[in-house]
Number of protein chains: 2
Amino acid sequence: MTNLFISDMYQRKTPEDLQCGITIAMKVFGAKWKPCLLDAIQRGFRRPSEMHREIRGATPRVLDMQLRELEVSGIVEKRQSAGFPLYTEYTLTDIGRSIMPVIDRINEWGLMHKELLREVDLQSMSL
Amino acid sequence: MTNLFISDMYQRKTPEDLQCGITIAMKVFGAKWKPCLLDAIQRGFRRPSEMHREIRGATPRVLDMQLRELEVSGIVEKRQSAGFPLYTEYTLTDIGRSIMPVIDRINEWGLMHKELLREVDLQSMSL
DNA sequence: GTTAATACCGAATAAATTTTCGGTTACCGA
DNA sequence: TCGGTAACCGAAAATTTATTCGGTATTAAC
């Protein structure tokens, strides 16, 4: 199951604090491939098939699911024109665009601190 | 298992992109209780027992584990003075402090968009 | 009417993360 | 010596999240 928070058959077992901004934010864009998807859309890959080709690490299935969740939470918008080949495109909503600077900050911090993961890997820690 | 990324017996099954800033950042402070712990420390709760009392939603065990991971990754520093009762305190390192504005941005965004989770919950979505 | 492209979905399984539960060690004071 | 506080740790179980695999529907060119 993914973090769909809509009325679905899935019932969470552990309570969540929906007053906490971090919890909310993580529900909305904290899943494994959501930042990638948002980034891909922003870089102009709007069609599912394009995203599937662009994001190599993920299977199409998980991208479809997380894209759908982003749509349900109002982060992206889907437009589909019947025809051949079927043409679907996703774009960021205003709210979706407002996430980007936050993701950028996270990414920036991570890039600035690559060494944290390296360093620690070298020492043979006694846990 | 938690996201310990140190040489431990646990071997990841799925590959990770350690060049991606988001992946790195999420490994360092993306676990369920890490932002809470960092926030608690910043607010002056430095002793494990204090944090256990402060963060009600989590069991002491998980807080201990994630605190340890924060220590291993150089985000917090542990100081212990022998004596009675045993006194241990954790403080943020410089790198640890540099995370706080990022967490603040995430939290801010979440608080600003509480309605996303509410709204969607009301509509009976057809998935 | 068979094949090919695009965009999905369902269900089982696997993997990762968190929780539960019950320890241990060290020290002090009654 | 027994009880009580602080700070942990190990292992199994439960929960959550992601992956795998195999579908469906539409259109359209050959």
Side-chain angles (χ1 to χ4, degrees), chain A residues 1-5 8-16 23 26-27 29-37 45-53 55-72 76 78-90 125-127, chain B residues 1-5 8-16 23 26-27 29-37 45-53 55-72 76 78-90 125-127:
Chain A
M1 261 295 162
T2 61
N3 73 347
L4 266 181
F5 42 82
D8 207 23
M9 40 248 82
Y10 181 68
Q11 245 305 106
R12 270 204 153 274
K13 302 285 171 58
T14 57
E16 301 180 277
T23 304
M26 287 301 102
K27 271 185 104 59
F29 62 85
K32 188 164 179 181
W33 302 102
K34 285 179 184 178
C36 285
L37 284 166
F45 301 94
R46 299 196 175 147
R47 303 184 63 184
S49 52
E50 290 173 336
M51 301 185 212
H52 295 167
R53 263 177 257 122
I55 305 175
R56 311 313 305 277
T59 58
R61 181 70 175 119
V62 75
L63 296 178
D64 291 347
M65 287 192 305
Q66 302 200 349
L67 203 45
R68 178 80 175 100
E69 291 174 12
L70 288 171
E71 189 200 352
V72 169
V76 302
K78 176 179 172 179
R79 211 165 333 144
Q80 197 164 45
S81 53
F84 187 81
L86 200 53
Y87 192 90
T88 306
E89 68 171 14
Y90 290 85
M125 293 289 320
S126 61
L127 244 271
Chain B
M1 261 296 164
T2 60
N3 72 348
L4 268 180
F5 43 83
D8 206 22
M9 40 247 81
Y10 180 69
Q11 246 304 107
R12 271 206 152 273
K13 302 285 172 55
T14 56
E16 301 180 278
T23 304
M26 288 301 103
K27 270 186 104 61
F29 62 86
K32 189 164 178 179
W33 302 102
K34 286 179 184 178
C36 285
L37 284 167
F45 300 95
R46 299 194 177 148
R47 303 183 62 184
S49 52
E50 290 174 334
M51 301 185 212
H52 295 166
R53 262 177 256 120
I55 306 175
R56 312 314 304 277
T59 57
R61 180 67 175 121
V62 74
L63 296 178
D64 291 348
M65 286 191 307
Q66 301 199 349
L67 203 45
R68 178 80 174 100
E69 291 173 13
L70 288 170
E71 190 199 351
V72 170
V76 302
K78 175 178 173 179
R79 212 167 331 145
Q80 198 165 44
S81 52
F84 186 81
L86 200 55
Y87 192 90
T88 306
E89 67 171 15
Y90 290 87
M125 294 289 320
S126 61
L127 246 275

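All chains are named by letter (A, B, ...) in the order of the sequence lines, taking the proteins before the strands, and each is independently numbered beginning at 1.
- Considering only side-chain N and O atoms, A:R68 lies under 4.0 angstrom from the phosphate OP1 or OP2 of C:dC9.
- Closest approach of B:E69 and B:K34 over heavy atoms only: OE1-NZ, 2.8 Å.
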#### Entry: Derivation and outcome, side chain to side chain donor-acceptor pair (under 3.5 Å), residues A:R79 and A:S81
CA-CA 7 Å; A:R79 211 165 333 144; A:S81 53; over 6 Å; no
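- What separates CD of A:Q80 from P of C:dC8 is a distance of 6 Å, to the nearest Å.
- For C:dG10, its base sits under 3.5 Å from the side chain of A:R61 at one donor and acceptor pair at least.
- Note on A:T88: only backbone sugar-phosphate atoms sit closer than 4.0 angstrom, heavy atoms only; bases stay farther off.
- One finds no salt bridge joining B:R53 and B:E50 here, because no Lys/Arg side-chain nitrogen approaches an Asp/Glu carboxylate oxygen to under 4.0 Å.
- For B:R12 and C:dT17, the shortest distance from a side-chain N or O to OP1 or OP2 is below 4.0 Å.
- As judged by a 4.0 angstrom heavy-atom cut-off over every strand, A:T14 is placed among residues touching the sugar-phosphate backbone only.
- Comparing B:H52 and A:G83, the nucleotide of DNA chain D nearest to each residue sits closer to the 5' end for B:H52.
- Distance B:K32 NZ to C:dT19 C1': 9 Å, rounded to the nearest Å.
- Here the C1' atom of nucleotide C:dC21 and the CG atom of B:D64 are 14 Å apart, to the nearest Å.
- Ranked by how close their nearest DNA chain D nucleotide is to the 5' end, A:K13 and A:A58 are led by A:K13.
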